[in-house]
Amino acid sequence: MVQPIHHTVKINKRLLSPNYPELKLAKHDIRNTAFKPAHTSQDRLQDHYTATLESDLLLINYTHNQQRQEGLKTREWDGSSPYHINRPVRPPRGRLVQTKDIKPRTWKNVPQLELIAINCFVKEAKAQSHLVIAAHLQLQQITNSKVQRVFTKSNVPQWGIRKGMPIGAKAEIFGADAHTFVTTLNELVLPRIRNFQGITNKSGDRSGNITFGLTPEDVKLFPELENNAEQWAKTFGIHITFRTTAQTDAEARILLSGLGFPFYGEEKN
Amino acid sequence: MIVSRTPIITQEIPEFDQQYQTYQSELEKRLMWTFPKFFYFKKGTLAERAFRKLQRYPSAPQPGVYFPHGKPDIKFDRDRRLKQDIVLRVPDEVKVNEAGETITTSEVDDETIAAFVPNSRTTEADRTNDVLSLERKLSRTLYLLVKDQSNTKGWAFPAFPLASKQPLHINAEVGIKTLGGPNMKLWTVSNTPCQLLKFSQGQLAVESAENVTREFMIKAHILAGDFEAPGVTHAWLTKEEIKEKCDGAYFEQVAHLLAEN
Amino acid sequence: MTGVNFQFTRGKRNKANRTRSPATERVLTQLKMISQRRKQPKLLQVCQEDHIRHETITTAFKLYRQEINANRAKLLLKQYESIKYAMEDLEQINSYLFHEANTNQKGKRFDLEMRIPTEYPPNQIWLHDYTPAEVAEKK
């Protein structure tokens, strides 16, 4: 007898139906409206990474006899009280959230830049909501990608915000776009910022993602805005997050220094 | 120690990649949003006039005129059925003047604006095939090889005897500075060795051999300065050239450490 | 919205008698930039023959890239194994050297002078007359 598998194998019914064939095309299919050409030019940052950085990072991060390091996990209540049964889960020791396990570093998990998330929060938009449009356009210009709008999530009368107000813009860039953004930052923007020390060593979310900020004045140095200065009398500060596949912040910083970012300050973790 | 000079210019693009990139970028031009001229050039300005002069505009549909390739669909000065090419500058024509110097058309038209002529990707060292120069093969990674004086190993990476109570990478740094002079800026990749070679009586040893000399390899990059060692025969070589010069068994042991580019 | 004026006009408002402040104009231009309206190209329509051509090119390039990436992964695996081999041997022969080679170098950074390669070389390709700072001070 054939065992029924209909409940174990997930079936995408949309693909089985003969209706709307144009909606079932793969993303890379040229007939799909979402088709985007890739590999339109040489990616020099990617070439640099594969030729030099990758094998160097493998050697730098190597530690002999590595074991899997357990992260902090949520704990069980000991059951000494009957009230423990329906209590919310007990947080990890000394923290509120769980941390990831650290796996041994091998040739399979050499740190890599995954994506860059750029976030622009416009405080003045509380009173002048049209400034959000300018912030949106600014991100579109410097990232060459589709930008998403950001709305406030909650009512905070003291800050003068209500739920659902447009308050900024954000963008996520991958691949060649992200690499162009990195080289523009390192070669054209950051070297011309006055008193720029670098990214602080204190930045990081403990799992290999590094964030730093640029002031409205710094943003004016992006060539897309600088060469069209009369349209950009007002610019907006941005937060840039590098999401990497590194397992710790220290490793992510080594990778970013390889991409050309300077760091300053004392490194703790 | 493996001292390498990382590439200074981008890799040579293989022909297939080049063709694929051209194809994809043409598709991109076809699928991109129309260039928003109104944002960059204010109407009635000199800049806008100059920009307009450079563009090639599609012909507009006329009543009573038959278009064999379909009626143009024009929005913002672009035929939406076709790709858009933005011309920002007339490409310079290279000419030779009476004195025999090469000049470009923009130099002829306007002396104040110097034409952008990039530096050549091939250098003097490439033409003379000067293996001692760090300015050769800019798109490749070069490695420092020295010829063994006793001539037992032949061409090999520089190696130094271990001084007592010194970590391997410090020993290698001191060793290379004593051999090649202090005027080199080196950056050691890591304190960890990347390969171990075992020698017995100057030859690569087999696994079971006894009384072996061990050679731990430390990686470093040269960032500035020159390797200056009058008494030592040395060369800066790419992976293929190392394969030609080195002993086959030796190359086999180190080949995977060398960059393809 | 502040900075965006609205003026009353006599009679019906039309393109000729409307007046907008420069601030309003700027916001409208910005909205026009963000919007895809009138900027979207026509949908790309390929005949079956062209589609097969495109698929062939894409597949060929994909296979070509796959081969390159597989070779790269193989090389990286070999590098990893050789590091492991060297460290295993070092652990057995000298505990001091092994400890020094296995400690995590805190604050390790790539040197900023290791630049990302550019399409054309810089005017000064290589800095030949380099003198280390300590030596220069002693002189």
Side-chain angles (χ1 to χ4, degrees), chain A residues 28-31 33 35 39 42 44-45 47-65 105-108 110 127-131 133-134 136-138 140-141 147 179 182-183 186-187 198 201 231 233 250 253-263 266-267, chain C residues 1-4 23-24 26-34 36 40 43-46 50-51 53-55 57-58 61-62 65 68-69 72-81 83-84 86-88 90-91 98-99 101-112 114-119:
Chain A
H28 57 78
D29 195 314
I30 195 167
R31 293 167 301 175
T33 44
F35 171 74
H39 296 280
Q42 191 179 25
R44 62 193 179 103
L45 193 84
D47 287 352
H48 178 55
Y49 180 82
T50 46
T52 314
L53 296 182
E54 200 174 30
S55 58
D56 284 2
L57 285 167
L58 176 72
L59 188 59
I60 291 171
N61 293 333
Y62 181 86
T63 326
H64 201 59
N65 296 331
R105 283 84 166 174
T106 62
W107 78 99
K108 281 183 198 163
V110 181
Q128 298 164 287
S129 59
H130 65 278
L131 289 180
I133 298 164
H136 186 117
L137 182 59
Q138 176 193 298
Q140 183 182 305
Q141 295 260 296
V147 180
H179 294 163
V182 167
T183 43
N186 280 333
E187 288 165 8
N201 273 325
Q231 295 280 3
R253 282 182 207 115
I254 300 174
L255 167 66
L256 289 185
S257 72
L259 302 183
F261 290 98
F263 283 86
E266 198 192 342
E267 189 176 39
Chain C
M1 274 206 272
T2 52
V4 182
T24 319
R26 194 179 307 123
V27 175
L28 284 174
T29 317
Q30 286 167 352
L31 275 172
K32 232 158 107 184
M33 277 292 288
I34 294 166
Q36 65 176 30
Q40 276 273 10
L43 188 67
L44 187 68
Q45 275 171 341
V46 287
D50 278 355
H51 180 245
R53 274 198 199 117
H54 175 82
E55 288 294 302
I57 295 168
T58 316
F61 190 72
K62 205 172 91 185
R65 291 301 308 172
I68 290 175
N69 289 342
R72 211 177 97 205
K74 221 185 276 172
L75 216 65
L76 218 59
L77 167 64
K78 270 190 180 176
Q79 286 176 14
Y80 178 78
E81 279 173 348
I83 299 168
K84 202 172 169 184
M87 289 298 274
E88 268 167 6
L90 192 60
E91 191 177 16
F98 171 74
H99 176 75
N102 201 32
T103 45
N104 189 8
Q105 288 173 298
K106 214 183 166 197
K108 182 86 189 174
R109 295 282 177 269
F110 278 90
D111 202 294
L112 286 180
M114 254 179 81
R115 296 272 160 82
I116 299 166
T118 47
E119 199 174 339

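Because the structure is a prediction, the values reported are computed rather than measured.
- By the 30° and 60° cut-offs, the orientation of the rings of A/His39 relative to C/Phe61 is perpendicular.
- You'll find the side chain of A/Asp56 reaches within 4.5 Å of the side chain of C/Phe110, heavy atoms only.
- If you tally non-hydrogen atom pairs under 4.5 Å between each of C/Leu31, C/Asn104, C/Leu75, C/Leu43 and chain A, the highest count goes to C/Leu31.
- Between C/Leu44 atom CG and A/Ile30 atom CD1 the span is 5.0 Å, to the nearest 0.5 Å.
- Chain A forms the most heavy-atom pairs under 4.5 Å with one residue out of C/Gln45, C/Glu91, C/Glu81, and that residue is C/Glu91.
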Margin query: Please evaluate residues C/Thr24 and A/His130 with respect to the criterion side-chain contact (heavy atoms from CB on, under 4.5 Å), reporting the C-alpha separation (whole Å), side-chain torsions for both, the decisive distance (0.1 Å), and the verdict.
Written below: CA-CA 10 Å; C/Thr24 319; A/His130 65 278; over 6 Å; no
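- When heavy atoms are compared at a cutoff of 4.5 Å, A/Gln141 approaches chain C solely by way of its side chain, counted from C-beta outward.
- A/Glu267 has a carboxylate O that lies under 4.0 Å from a charged side-chain N of C/Arg109, or vice versa, which qualifies the two as a salt bridge.
- Only the side chain of A/Phe35 comes within less than 4.5 Å of a heavy atom in chain C; its backbone stays farther off.
- The most heavy-atom pairs under 4.5 Å with chain C, out of A/Gln231, A/Gln42, A/His64, come from A/His64.
- The candidate from A/Thr50, A/Leu255, A/Asn186, A/Ile60 with the greatest count of non-hydrogen atom pairs under 4.5 Å with chain C is A/Thr50.
- Among C/Arg26, C/Gln79, C/Arg72, the residue making the largest number of heavy-atom pairs under 4.5 Å with chain A is C/Arg72.
- With a 4.5 Å cut-off on non-hydrogen atoms, A/Leu259 touches chain C through its backbone but not through its side chain.
- Distance check, rounded to the nearest 0.5 Å: NZ of C/Lys108 to CG of A/Leu57 gives 11.0 Å.
- For chain C, the nearby part of A/Val110 is the side chain; its heavy atoms alone come within less than 4.5 Å.
- Salt bridge status for A/Glu187 with C/Arg115: absent, with no side-chain N to carboxylate O gap under 4.0 Å.
- Here A/Arg31 contributes atom CZ and C/Glu55 contributes atom CD; the two are 7.0 Å apart, rounded to the nearest 0.5 Å.
- Contact annotation for A/Asn65: only side-chain heavy atoms (C-beta onward) come within less than 4.5 Å of a heavy atom of chain C.
- Note: C/Met114 CE to A/Ser257 OG = 9.0 Å, rounded to the nearest 0.5 Å.
- Per-residue counts of heavy-atom pairs under 4.5 Å with chain C were compared for A/Arg253, A/Glu54, A/Gln140; the largest is that of A/Glu54.
- Put simply, CG on A/Leu59 and CD1 on C/Ile83 are 4.5 Å apart, with the number rounded to the nearest 0.5 Å.
- When heavy atoms are compared at a cutoff of 4.5 Å, C/Thr103 does not approach chain A at all.
- With values rounded to the nearest 0.5 angstrom, A/Tyr62 atom OH is found 6.0 Å from C/Lys84 atom NZ.
- Of all non-hydrogen atoms in C/Pro117 and A/Arg44, the two that sit nearest each other are O-NH1, 2.8 Å.
- Side-chain N or O atoms of C/Asn102 include none that pairs as donor or acceptor with a backbone N or O of A/Thr63 at under 3.5 Å.
- Highest contact tally toward chain A, considering only C/Leu112, C/Leu77, C/Asp111, is held by C/Leu77 [criterion: heavy-atom pairs under 4.5 Å].
- Proximity to chain A (any heavy atom under 4.5 Å) is shown, for C/Ala101, by neither the backbone nor the side chain.
- For NE2 of C/His99, the number of neighbouring non-hydrogen atoms (other residues, nucleotides, ligands) closer than 6.0 Å is 12 at most.
- Across C/His54 and A/His28, no two heavy atoms sit closer than the pair NE2-O, 4.4 Å.
- For A/Asn201, the part lying under 4.5 angstrom from a heavy atom of chain C is the side chain only.
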